[in-house]
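The block underneath contains the structure these notes are about, expressed in structure tokens.
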Amino acid sequence: MAAAAAATPNSMLLHRASPKAAPSARVPARAARIRCQAVAAPAAPSPLAAAGERGVYNFAAGPATLPLSVLQRAQAELVNYRGSGMSIMEMSHRGKEFDAAIKKAEADLRALLAVPDTHEVLFLQGGATTQFAAAPLNLCASPSDPADFVVSGSWSDKAFKEAGKYSAAAVAWSGKAAKYTSLPADFGALAQNPGARFLHICSNETIHGVEFKDYPEPRNEAGLLVADMSSNFCSKPVDVSRFGLIYAGAQKNVGPSGVTIAIVRKDLVGRAQPVTPVMLDYKTHADNASLYNTPPCFAIYICGLVFEDLLAQGGLAEVEKKNQHKAGILYDAIDASGGYFVCPVDKPVRSLMNVPFTLAKGADYEKQFIAEAAKEGMLQLKGHRSVGGVRASIYNAMPLSGVEKLVAFMKDFQARNP
């Protein structure tokens, strides 16, 4: 299992692809001498072009890599936010500065996803996991109301189980027998209850790497489709009008942990079960413009910067093209390895965001692969603890160079460990 010492063509490519860390400034030693003089403040570091130039590529599933330009802008504004004399982390959430920031974030998100006026945009707390309870509490009149769930992986399974406390949740389809490596081939075959208050899906399963490329039509009387979009939110265009509710934790594609975004149809707001806690009632937040209590101000601010960045790239159609290209390179490398690397997910539903794979040589080689990759500056490649293996999360902010370096490393590792 020990790596061979000889260089391979891909090891040479790997080293050429290595990100360059910015050189640290050093002041040459001088003879001890005391002199009083004015000293200019150090110049701000010059902007870096790609995330890899920080020295590493972060393949974590979440919290995940953010655009370097966003981090640098936040750094520049951290101490004195746009001339206010305060950091955005210490100013009032009811002040004019933050009011402008949250309104701009909402406006830019609406532009990105073409959110219609029929839907509210809410900035919430508690993670997407809290929405597993909030959705049935707001959309079901009582705990006896039925709700349908497509269980395509760990997260939709958790959503189904939590919803069972507040609704008569039922499984319309489950991928468990196939170890969550597929999605329904025929949406028409879903065992939907016409009396269900909604049909729930997880649009992208972060752990298992399956992604809906299209969405089922709900056959319930209200025609409600609900989606947890946490790990592919803002990675591609979505027809929001098809959904009664979309919710997403921000920490995959659009910001740091701490803020959850909900996009809910306005006519569904104000129908919560009487037992619904005030902080889980969508009406509470819709009536107060997401400012009922102190929101996660800094996280919302960062989301706003990310939305600006996505718009500057040309919008989500252009972002999706980049994501398809990155994922295609990685999946092609896996499939061309002659079975050395294996992705268990059915090809038509492979995720553009989370790419799980194993090594045919076994768990020991997977550990070696992950350890050696980390030494080469590719971090957080370990698969989720529930499934093992390797997982590369290649969200919007992962640069193409990061995927190219990972592919070069995979080929080099295979050559050294046949």
Side-chain angles (χ1 to χ4, degrees), residues 57-65 128 150-158 174-184 201-213 228-233 235-236 249 251-253 323-374 378-398 402-411 413-414:
Y57 293 107
N58 175 14
F59 290 92
T65 189
V150 175
V151 179
S152 54
S154 293
W155 293 111
S156 50
D157 184 53
K158 291 178 186 292
S174 175
K176 186 174 182 179
K179 298 183 178 180
Y180 298 129
T181 58
S182 63
L183 288 174
I201 65 170
C202 178
S203 62
N204 185 82
E205 290 282 358
T206 319
I207 294 174
H208 295 91
V210 295
E211 181 176 19
F212 281 84
K213 308 302 180 182
D228 174 1
M229 291 192 177
S230 293
S231 54
N232 67 348
F233 188 65
S235 67
K236 60 183 179 181
Q251 68 275 10
K252 315 289 187 180
N253 260 326
N323 289 331
Q324 289 171 333
H325 181 55
K326 290 186 299 185
I329 291 173
L330 183 49
Y331 284 121
D332 285 349
I334 292 170
D335 294 340
S337 70
Y340 192 91
F341 300 103
V342 179
C343 176
V345 180
D346 288 353
K347 288 185 178 182
V349 296
R350 286 176 170 179
S351 171
L352 298 185
M353 300 286 99
N354 310 101
V355 181
F357 58 94
T358 58
L359 275 67
K361 293 177 75 68
D364 288 342
Y365 280 84
E366 290 167 357
K367 292 178 182 178
Q368 180 187 347
F369 178 93
I370 293 165
E372 291 186 10
M378 292 167 284
L379 306 181
Q380 306 293 329
L381 282 165
K382 185 178 180 180
H384 191 270
R385 61 187 180 278
S386 64
V387 296
V390 182
R391 175 178 56 177
S393 294
I394 51 174
Y395 298 120
N396 291 349
M398 172 58 64
V403 178
E404 290 174 335
K405 181 174 182 181
L406 176 59
V407 167
F409 175 74
M410 291 167 66
K411 293 176 179 179
F413 185 91
Q414 181 175 358

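Residue numbers run from 1 in the order of the sequence given.
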Any side-chain heavy atom of [X] within less than 4.5 Å of one from [Y]?
| X | Y | answer |
| --- | --- | --- |
| Val342 | Ile334 | no |
| Arg350 | Cys343 | yes |
| Val390 | Pro356 | no |
| His208 | Val387 | yes |
| Leu406 | Val403 | no |
| Val345 | Tyr180 | no |
| Trp155 | Ile207 | yes |
| Phe212 | Ser152 | yes |

Task: Ring centres under 6.0 angstrom apart (Tyr340, Tyr365) - done: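 Distance test on ring centres: not under 6.0 Å, no.
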
Between the side chain of [X] and the main-chain N/O of [Y], is any donor-acceptor distance below 3.5 Å?
| X | Y | value |
| --- | --- | --- |
| Ser156 | Ile201 | no |
| Asn58 | Ala60 | yes |
| Lys252 | Phe233 | no |
| Gln251 | Gly62 | no |

Value rounded to 0.5 Å, distance of [atom1] in [X] from [atom2] in [Y]:
| X | Y | atom1 | atom2 | result |
| --- | --- | --- | --- | --- |
| Thr65 | Ile394 | OG1 | CD1 | 12.5 Å |
| Glu211 | Glu205 | CD | CD | 11.0 Å |
| Glu372 | Met378 | CD | CE | 9.5 Å |

Open item on the list: I need the single residue from Asn323, Asn204, Thr206 that forms a side-chain hydrogen bond (donor to acceptor under 3.5 Å, both in side chains) with Ser351. Which is it?
Closed with: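 Of Asn323, Asn204, Thr206, side-chain hydrogen bond (donor to acceptor under 3.5 Å, both in side chains) with Ser351 is met by Asn204 alone.
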
Task: Closest non-hydrogen atom pair, His384 against Ser386 - done: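 Heavy atoms of His384 and Ser386 come nearest at ND1-OG, 2.8 Å.
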
Task: Of Phe413, Tyr331, Phe369, the residue whose pairing with Phe341 passes ring-ring contact (aromatic ring centres under 6.0 Å, His included) - done: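 By the ring-ring contact (aromatic ring centres under 6.0 Å, His included) criterion, Phe341 pairs with just one of Phe413, Tyr331, Phe369: Phe369.
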
Open item on the list: Side chains of Asn354 and Tyr395: any donor to acceptor distance under 3.5 Å?
Closed with: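 There is such a pair (donor and acceptor under 3.5 Å, judged by atom type) between the side chains of Tyr395 and Asn354.
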
Task: Between Asn253 and Ser235, a side-chain donor and acceptor under 3.5 Å - done: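 Ser235 and Asn253 do not have a side-chain donor-acceptor pair below 3.5 Å.
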
Open item on the list: Please determine whether a side-chain nitrogen of the Lys or Arg among Lys158 and Asp228 lies less than 4.0 Å from a carboxylate oxygen of the Asp or Glu.
Closed with: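 Between Asp228 and Lys158 there is no salt bridge, as every charged N stays at least 4.0 Å from the carboxylate O atoms.
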
Open item on the list: Within a 6.0 Å radius of atom NZ on Lys361, are there more than 12 heavy atoms belonging to other residues, nucleotides or ligands?
Closed with: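 Correct, the count exceeds 12.
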
Open item on the list: Can you tell me which residue among Lys326, Lys213, Lys236 is in a side chain to side chain contact (heavy atoms under 4.5 Å, CB included) with Leu352?
Closed with: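 When Lys326, Lys213, Lys236 are each tested with Leu352, the side chain to side chain contact (heavy atoms under 4.5 Å, CB included) holds only for Lys213.
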
